[in-house]
Amino acid sequence: MTHLSPKARLEFIEHLELDQPKLRTRDLPVIPEIKPNDTANYVNDGSLISFVTGLSSEDKSDVLNSVLLAQRAANKRHDRYGEPQAWYKSYHEILTTIGWVGGQDSFQQYTSDGTTVKVDEVVLQILATLAIGGAAITAITQALNALQALSSKDKQFTLWEQSSHSLKTGNFQIAACEKSGDGLVLKMGSFYFSATQTATRFLFFDYSSTAISLFTGGQTMVLNKEVYAQIRQAVMTKLGALASEFIANLPELE
């Protein structure tokens, strides 16, 4: 939707309806100061986003805010877990309307070669097909390790668990963001599943291959920074307090 005028994009954002918080804790982490150039990993609603070096604070904020907006608006339109295909269609439409350019996910059902499925290993397999560089894969691996190391009482863990899955179904994204020239490139693995077992740490749980139906997709998107600059403030205004409630950085492992 690169042909849209700034006015049309602003009107689109103005009329978006966002899903409001349904988290079971009021004391969620406040979005930290976003520092330039360093690597960083964030829980962003039902997404896990890793940044490699070379990105400014504004770059990171633009990615985090735009991805959060798309999730909360898609949540309002569709049941994230019960209607994943429709949810992803809306999610992609919103991202492309606010300045991201790239193809929509094409999902395939994952078939295990063995008797078990470990979701975090599937995630890395899918991301590897997106030609992600070594630094990005390292960042995502660190993010997964940091998430796994959290206690069930940690606020970041609560945010991730309540946003990425519900009982025996899930819908989540894991992505790495890099700079390429003047653009921001987001390489994202998208996933949804249903299972016969309930697992709180579903990413790291050993499911029987017959107990989970997992669908995977991947896409590479580029943020048109010139377009996004024209609507940045409107996105921030629309999100309001949601940014502080649904974005949290993951601690660095020693």
Side-chain angles (χ1 to χ4, degrees), residues 1 4-32 34 42-49 58-102 104-105 155-156 158-167 169-175 177 184 186 188 190-192 219 221 223-225 227-249:
M1 298 187 180
L4 289 178
S5 68
K7 180 180 179 181
R9 295 180 199 275
L10 289 169
E11 290 177 348
F12 176 83
I13 294 168
E14 181 182 356
H15 291 98
L16 272 180
E17 294 185 45
L18 305 185
D19 189 31
Q20 295 304 310
K22 297 178 182 177
L23 297 176
R24 292 185 292 274
T25 177
R26 296 180 181 180
D27 190 20
L28 288 170
V30 175
I31 185 169
I34 300 175
Y42 292 84
V43 177
N44 183 305
D45 203 2
S47 296
L48 191 63
I49 300 178
E58 184 176 81
D59 290 338
K60 294 176 183 178
S61 293
D62 289 349
V63 173
L64 292 170
N65 287 336
S66 59
V67 169
L68 179 60
L69 183 79
Q71 289 181 85
R72 301 312 297 179
N75 285 357
K76 184 67 176 179
R77 295 179 180 181
H78 303 286
D79 183 335
R80 182 174 185 131
Y81 311 116
E83 304 173 291
Q85 291 277 11
W87 187 93
Y88 274 107
K89 184 176 180 180
S90 285
Y91 175 71
H92 184 265
E93 175 205 343
I94 295 159
L95 286 177
T96 55
T97 302
I98 63 176
W100 287 93
V101 180
Q104 189 172 356
D105 291 294
K155 298 169 186 178
Q156 297 96 325
T158 298
L159 174 59
W160 170 257
E161 286 290 304
Q162 294 185 28
S163 300
S164 60
H165 74 113
S166 175
L167 299 176
T169 59
N171 176 353
F172 64 98
Q173 304 79 45
I174 296 183
C177 187
L184 300 178
L186 189 67
M188 179 182 292
S190 301
F191 309 87
Y192 65 90
Q219 63 177 321
M221 304 190 76
L223 182 62
N224 185 323
K225 294 181 66 175
V227 166
Y228 192 81
Q230 298 169 338
I231 61 169
R232 177 181 294 118
Q233 187 57 51
V235 171
M236 294 171 64
T237 300
K238 190 71 178 183
L239 285 173
L242 291 176
S244 64
E245 296 187 58
F246 286 92
I247 299 174
N249 65 325

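Side chains included, hydrogens not; waters and symmetry mates left out as well; all remaining heavy atoms used.
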Do [X] and [Y] come close enough that some side-chain heavy atom pair is under 4.5 Å?
{"X": "I247", "Y": "N65", "answer": "yes"}
{"X": "E93", "Y": "R77", "answer": "yes"}
{"X": "L69", "Y": "K238", "answer": "yes"}
{"X": "F12", "Y": "I231", "answer": "no"}
{"X": "H92", "Y": "M221", "answer": "yes"}
{"X": "R72", "Y": "D45", "answer": "yes"}
{"X": "Y192", "Y": "Q85", "answer": "yes"}

To the nearest 0.5 Å, how far apart are [atom1] in [X] and [atom2] in [Y]?
{"X": "L95", "Y": "L223", "atom1": "CG", "atom2": "CG", "value": "9.5 Å"}
{"X": "N171", "Y": "S166", "atom1": "CG", "atom2": "OG", "value": "11.5 Å"}
{"X": "Y91", "Y": "R80", "atom1": "OH", "atom2": "CZ", "value": "8.0 Å"}
{"X": "S164", "Y": "N44", "atom1": "OG", "atom2": "CG", "value": "12.0 Å"}
{"X": "M188", "Y": "C177", "atom1": "CE", "atom2": "SG", "value": "9.5 Å"}
{"X": "L64", "Y": "K60", "atom1": "CG", "atom2": "NZ", "value": "9.0 Å"}

Restricting to non-hydrogen atoms, name the atom on [X] and the atom on [Y] that form the minimum distance, rounded to 0.1 Å.
{"X": "R9", "Y": "I98", "result": "NH1-N, 4.4 Å"}
{"X": "E11", "Y": "H15", "result": "O-ND1, 2.8 Å"}
{"X": "G102", "Y": "T96", "result": "O-CG2, 4.3 Å"}
{"X": "Q156", "Y": "N249", "result": "NE2-O, 3.1 Å"}
{"X": "L68", "Y": "A243", "result": "CD2-CA, 3.7 Å"}
{"X": "P84", "Y": "G82", "result": "CD-C, 3.4 Å"}

Flag for Y88-Q173: side-chain donor and acceptor within less than 3.5 Å: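 Looking only at side-chain atoms, Y88 and Q173 do form a donor-acceptor pair, the distance falling under 3.5 Å.
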
Distance-only polar pair, side chains of Q233 and T237, donor-acceptor under 3.5 Å: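 Per modelled atom types, Q233 and T237 side chains form a pair under 3.5 Å.
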
Geometric class of the W160/F172 ring pair [parallel <30°, tilted 30-60°, perpendicular >60°]: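 If you compare the ring of F172 with that of W160, the planes turn out perpendicular.
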
With distance as the sole test, does [X] use its side chain to make a donor-acceptor pair with the main-chain N or O of [Y] at under 3.5 Å?
{"X": "N224", "Y": "V227", "answer": "yes"}
{"X": "K225", "Y": "L184", "answer": "no"}
{"X": "E17", "Y": "A73", "answer": "no"}
{"X": "S90", "Y": "W87", "answer": "no"}
{"X": "E14", "Y": "L10", "answer": "no"}

Intermediate values then yes/no, salt bridge (Lys or Arg N to Asp or Glu O under 4.0 Å), R232 and E58: CA-CA 10 Å; R232 177 181 294 118; E58 184 176 81; 3.4 Å; yes

